[in-house]
Amino acid sequence: MSTDTTTKTPEPAAVPAPGAAPEKKRASQGHQRLLTRRDRITLALMAGVPTVLHVILVWFTALASILLAFTTWDGIGFDSIKWVGLDNFTQLFTDNPQFWPAVQHNVIWFVVLILIPTPFGLFLAVQLDKRIRFSRVYQTAYFLPVVISMACIGFVWQLVYNPDTGLINSIIGANKPGHYIDWIGDPDLNLWAVLIAASWRHAGYMMILYLAGLKSVDPSLREASALDGANEWQTFKNVIFPTLRPTNTVVLVVTIIEALRAFDLVFVFNKGAQGTELLSILVTNNIIGESSRIGYGSAIAVVLLVISLAVIIPYLIATFRKERRA
């Protein structure tokens, strides 16, 4: 018996002609679609409307305030605008009895925020970073004042400071006739009362910033410190806190801005009168108050802007330098 064995030679694969695109690439090109007219209109509206509003409400008003700071205007008709040069600034620095107390109060606001709620927020962040039980609940409770508007916080603390039925006076027994403590009306107390309410909110803000910074710390640093025999405080002081330098910079800038933009809480309490004057309150009172001295109020706003830029610009320069080095 013989067996016929047939050997088949495999046929070579077809080689695409030079210049011919692969089928897969052709298919992908065939599925590409250009933006339709409706898509272009939608994108233009989504990008254009916010841009126009930002330019009008931010940049245009800022430039207009700078120009109006060198004029006098009562807000009635553009014909009444008169150029006065530096007269508004001269009067502001020499003849306004409320300006320098307002500057002092803004400085006090910053000092209190940086010395009391900021370290307390760091303390809360360190404790929550240990992953204790119910840490999410604590984090939400401490951060809740941050998401509430300052106006609502002002109304809440007004009830707390009420001389007759307020919580504080009821606890210390100062809610009886002849023993009232007027926390809001007393010029020696109202600024500190407002600062307590502001610190209550600011602590939660600082807690979140520091908690984010602590989450980015390399765990190996803690392990190496523990192997070297360092206790918890030594580890935090010598290892953890130095790595929080970028976070500390952000905290400093945020605290300065918060101190300069303070307005809502004070305005709700007593409209910035009787010892709670702030630069933002002076701007509002002169621009939309009874006097309507828009040029003078714009001069105060320019001073506030210059102080803010003196803090923000160095921070931005340092940030850009770090990005270039990286």
Side-chain angles (χ1 to χ4, degrees), residues 65 69 88-121 145-146 148-158 160-163 166 168 181-206 251-291 293 296-312:
S65 297
N88 288 331
F89 295 95
T90 302
Q91 183 181 357
L92 179 64
F93 294 138
T94 58
D95 297 335
N96 191 333
Q98 293 182 321
F99 176 73
W100 292 113
V103 174
Q104 181 181 3
H105 294 161
N106 278 104
V107 173
I108 294 175
W109 199 286
F110 165 72
V111 172
V112 170
L113 291 185
I114 204 68
L115 292 181
I116 299 178
T118 299
F120 184 64
V146 182
I148 301 176
S149 68
M150 294 296 288
C152 293
I153 293 176
F155 290 127
V156 170
W157 280 89
Q158 270 189 331
V160 174
Y161 287 132
N162 188 285
I168 296 179
I181 297 179
D182 191 358
W183 298 97
I184 299 177
D186 190 344
D188 297 328
L189 297 175
N190 51 18
L191 179 62
W192 307 107
V194 177
L195 283 172
I196 291 175
S199 299
W200 177 62
R201 177 185 182 273
H202 195 71
Y205 195 2
M206 296 299 100
V251 165
L252 178 62
V253 174
V254 168
T255 304
I256 294 175
I257 294 176
E258 286 290 321
L260 292 176
R261 65 183 290 271
F263 171 79
D264 316 56
L265 200 58
V266 176
F267 194 81
V268 170
F269 264 66
N270 61 353
K271 295 182 170 51
Q274 299 178 354
T276 58
E277 297 86 354
L278 296 173
L279 291 176
S280 56
I281 296 293
L282 296 183
V283 173
T284 304
N285 290 342
N286 282 276
I287 291 181
I288 64 175
E290 296 179 358
S291 58
R293 302 174 63 189
Y296 191 72
S298 298
I300 305 175
V302 169
V303 172
L304 190 58
L305 175 64
V306 171
I307 298 175
S308 303
L309 293 178
V311 177
I312 296 173

Between [X] (side chain) and [Y] (backbone), is there a donor-acceptor pair under 3.5 Å?
{"X": "Gln158", "Y": "Val268", "result": "yes"}
{"X": "Ser280", "Y": "Ala262", "result": "yes"}
{"X": "Asn96", "Y": "Gln91", "result": "no"}
{"X": "Asp186", "Y": "Asp182", "result": "no"}
{"X": "Thr118", "Y": "Leu113", "result": "yes"}
{"X": "Trp100", "Y": "Phe93", "result": "yes"}
{"X": "Asn88", "Y": "Ala69", "result": "yes"}

How about [X] and [Y]: do any of their side-chain heavy atoms sit closer than 4.5 Å?
{"X": "Phe110", "Y": "Leu252", "value": "yes"}
{"X": "Ile300", "Y": "Leu92", "value": "yes"}
{"X": "Asp264", "Y": "Ser149", "value": "no"}
{"X": "His105", "Y": "Thr276", "value": "no"}
{"X": "Arg201", "Y": "Glu258", "value": "yes"}
{"X": "Leu189", "Y": "Tyr161", "value": "no"}

Work out which heavy atom in [X] is nearest to a heavy atom in [Y]; give both atom names and the distance.
{"X": "Gly204", "Y": "Val146", "answer": "C-CG2, 3.7 Å"}
{"X": "Ser199", "Y": "Pro117", "answer": "O-CB, 3.5 Å"}
{"X": "Ile153", "Y": "Ala197", "answer": "CG2-O, 4.4 Å"}
{"X": "Ala273", "Y": "Asn190", "answer": "O-ND2, 4.0 Å"}
{"X": "Val283", "Y": "Ala301", "answer": "CG2-N, 3.6 Å"}
{"X": "Leu282", "Y": "Asn286", "answer": "O-ND2, 2.7 Å"}

To the nearest 0.5 Å, how far apart are [atom1] in [X] and [atom2] in [Y]?
{"X": "Thr90", "Y": "Asp95", "atom1": "OG1", "atom2": "CG", "value": "9.0 Å"}
{"X": "Ile312", "Y": "Ile307", "atom1": "CD1", "atom2": "CD1", "value": "11.5 Å"}
{"X": "Ile148", "Y": "Phe155", "atom1": "CD1", "atom2": "CZ", "value": "13.5 Å"}
{"X": "Ser308", "Y": "Ile257", "atom1": "OG", "atom2": "CD1", "value": "7.0 Å"}
{"X": "Trp183", "Y": "Ile196", "atom1": "CH2", "atom2": "CD1", "value": "7.0 Å"}
{"X": "Phe269", "Y": "Gln274", "atom1": "CZ", "atom2": "CD", "value": "14.0 Å"}

Side chain to side chain contact (heavy atoms under 4.5 Å, CB included) assessment of Phe263 paired with Ile281: CA-CA 6 Å; Phe263 171 79; Ile281 296 293; 3.5 Å; yes

Yes or no on side chain to side chain contact (heavy atoms under 4.5 Å, CB included) for Leu265 and Trp157, after CA distance, side-chain angles and deciding distance? CA-CA 9 Å; Leu265 200 58; Trp157 280 89; 5.6 Å; no

Derivation and outcome, side chain to side chain contact (heavy atoms under 4.5 Å, CB included), residues Ile108 and Leu195: CA-CA 9 Å; Ile108 294 175; Leu195 283 172; 4.0 Å; yes

